[in-house]
Amino acid sequence: MLQVNNLHYTKSRHVILRGLSFTIPENRTVALLGENGVGKTTLMRLIAGLIEPNPHSDIMIDGVMGATIKSKLSYVSTLSWTNNYDRVSDVVAYFKMGYPDFNEDRMEELIKFMRIDRSRRIAKLSTGMIEKLLIALTISRDTSVYLLDEPFGGVDVLARKKIMQSLLHWLPEDATVLVSTHYIQEIESLVDDALILKDGRLLAYQSVENIRQTEGLSLEQYYTQLYIEDNGGRE
Amino acid sequence: MEFSSNQPIYLQVATWLEQQIMEGTYQAGRKIPGVRDLAVTLIVSTRTVQNAINQLVENGLVVTKRGQGNFVTEDPTKISIIKADKKIDMTKQYIDNVIHVAQVNEIPELVAHAIAKYEETQP
């Protein structure tokens, strides 16, 4: 379970997040939506403990807050920390060493499923392959919360399908998953809820089936409508 | 799987599963694939698949056996009832679409036509 309470974040006097509060229970996958620059990545980095929120902001996973939170979540947003000569197998070895909760068997299955070449140098991987590797590394850890930041960015339709299928197949059943994306239509059938940000605020937190059932709208239609309404009717 | 925008996804998955049973892809008395496998195949959440299966359990088309999974009913009348329901639904839908342009004396003919049209779509 992921609880965020009164989360404020200001960076060089710019207010990025203004008092976000939400709770995502376990066994739930949530889409994090919002236009570019709205603070989706910032929110993930705050949850992951990579940056510090303003005082009086609370982030809790399974009732725990502070530094120990890091062992309860999995977030791999970049491979820029690797060396030029590192190969895929080296990165897997780093993870095995660094994380006691790293599930090697799962990683093996994912490498096979995504057809990742373990002997390849990281520097030589295509954008699509990097995304696949990031996803595989992220979901190969056994944690409560998984944060996936734009896992379909710059990735072709077949790779997107593979990534979606890996999430459905290998994510632990009771996991709490937050996935940011601009591919609203494609992610809709995959997620339980949508968390919509605008201007650093939480515009809505709704279940996708609820949106369809009560509003008769697809997630993308609902998202667009909310944004336009919030703009006072302007697109 | 492509989803229409105005209907809950679990109902669309339920309809798809029903179709598989009607067409005999999943045969009477046989086990249907596991929830996670269906989720991966259809690229929908496991919760959605479970909700869809619950629908079919409710209308008697699918039976859940504890610890074994989900099975298509062995009762052929259940399947034929669903088939008949579908026939009525589709006929009604067709008639709804044309009734406002039809003359009263054409209606029996329309009904017959709707049924024939439905039969055509069946394997």
Side-chain angles (χ1 to χ4, degrees), chain A residues 24-31 109-110 113-114 139 151-152 157-177 179 181 183-194 206-225, chain B residues 1-21 25-26 31-59 61-62 64-71 85-86 89-90 92-93 96-97:
Chain A
I24 307 177
E26 66 174 36
N27 187 11
R28 227 127 176 115
T29 301
V30 179
E109 290 174 20
L110 280 159
F113 180 73
M114 308 250 224
I139 65 181
F152 315 120
V157 59
L158 290 176
R160 284 206 291 279
K161 193 175 162 201
K162 278 258 171 202
I163 291 174
M164 288 182 185
Q165 288 181 317
S166 338
L167 296 178
L168 289 165
H169 194 281
W170 281 282
L171 270 172
E173 202 152 315
D174 53 359
T176 304
V177 186
V179 46
T181 188
Y183 291 93
I184 304 181
Q185 221 183 325
E186 284 176 273
I187 198 130
E188 173 168 16
S189 65
L190 220 78
V191 297
D192 303 308
D193 310 314
Q206 270 278 8
S207 110
V208 172
E209 289 293 15
N210 201 22
I211 293 169
R212 285 178 171 256
Q213 212 127 35
T214 61
E215 314 269 340
L217 296 174
S218 71
L219 181 55
E220 191 163 36
Q221 291 167 333
Y222 178 74
Y223 170 84
T224 313
Q225 184 177 307
Chain B
M1 190 172 173
E2 296 271 329
F3 299 101
S4 78
S5 62
N6 49 10
Q7 205 194 11
I9 296 169
Y10 78 93
L11 287 180
Q12 297 181 53
V13 173
T15 307
W16 181 86
L17 285 169
E18 257 176 25
Q19 199 62 40
Q20 303 309 305
I21 295 171
T25 313
Y26 304 151
K31 194 176 174 190
I32 63 174
V35 171
R36 202 174 267 243
D37 288 341
L38 282 171
V40 173
T41 308
L42 301 172
I43 315 198
V44 299
S45 71
T46 49
R47 180 170 280 113
T48 298
V49 173
Q50 191 56 60
N51 286 344
I53 288 173
N54 291 348
Q55 281 281 310
L56 300 201
V57 170
E58 220 167 276
N59 67 23
L61 211 48
V62 166
T64 303
K65 295 185 188 166
R66 271 192 82 145
Q68 291 183 58
N70 298 302
F71 293 77
D85 279 353
K86 274 217 173 320
D89 275 355
M90 285 188 67
K92 262 167 78 180
Q93 217 175 50
D96 279 348
N97 287 340

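A, B, ... follow the sequence lines: proteins, then strands. Residue 1 opens every chain.
- B:Ser45 approaches A:Asp192 most closely through the heavy-atom pair OG-OD1, 3.8 Å.
- Judged by distance alone, the side chain of A:Ser189 and the main-chain N or O of B:Ile43 form a donor-acceptor pair under 3.5 Å.
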Practice item. Start with the C-alpha distance between A:Asp193 and A:Ser207, add both sets of side-chain angles, then the distance that settles side chain to side chain donor-acceptor pair (under 3.5 Å), and finish with yes or no. Key: CA-CA 4 Å; A:Asp193 310 314; A:Ser207 110; 4.6 Å; no
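- The candidate with the highest count of non-hydrogen atom pairs below 4.5 Å against chain B, out of A:Glu220, A:Gln185, A:Arg28, is A:Arg28.
- Listed for the A:Glu188 side chain is a donor-acceptor partner under 3.5 Å among the backbone atoms of A:Leu219.
- Screening B:Leu56, B:Leu38, B:Ile32 for a side chain to side chain contact (heavy atoms under 4.5 Å, CB included) involving B:Asn70 leaves a single residue, B:Ile32.
- Using a 4.5 Å cut-off between heavy atoms, A:Gln221 contacts chain B through its side chain alone, with no backbone atom that close.
- With chain B as the partner, the residue from A:His169, A:Glu209, A:Met164, A:Gln213 showing the most heavy-atom pairs under 4.5 Å is A:Glu209.
- Of the listed residues (A:Val191, A:Leu217, A:Leu167, A:Leu190), the greatest number of heavy-atom pairs within a distance under 4.5 Å of chain B belongs to A:Leu190.
- With a threshold of 4.5 angstrom between heavy atoms, A:Glu215 does not approach chain B through any atom at all.
- For a residue to count as touching a neighbouring chain, one of its non-hydrogen atoms must lie under 4.5 Å from one of that chain's; by this rule B:Gln12 touches chain A with the side chain only.
- A:Asn210 does not touch chain B: none of its heavy atoms, backbone or side chain, sits under 4.5 Å away.
- One side chain, B:Gln50 or B:Asn54, offers a donor N or O that lies under 3.5 Å from an acceptor on the other.
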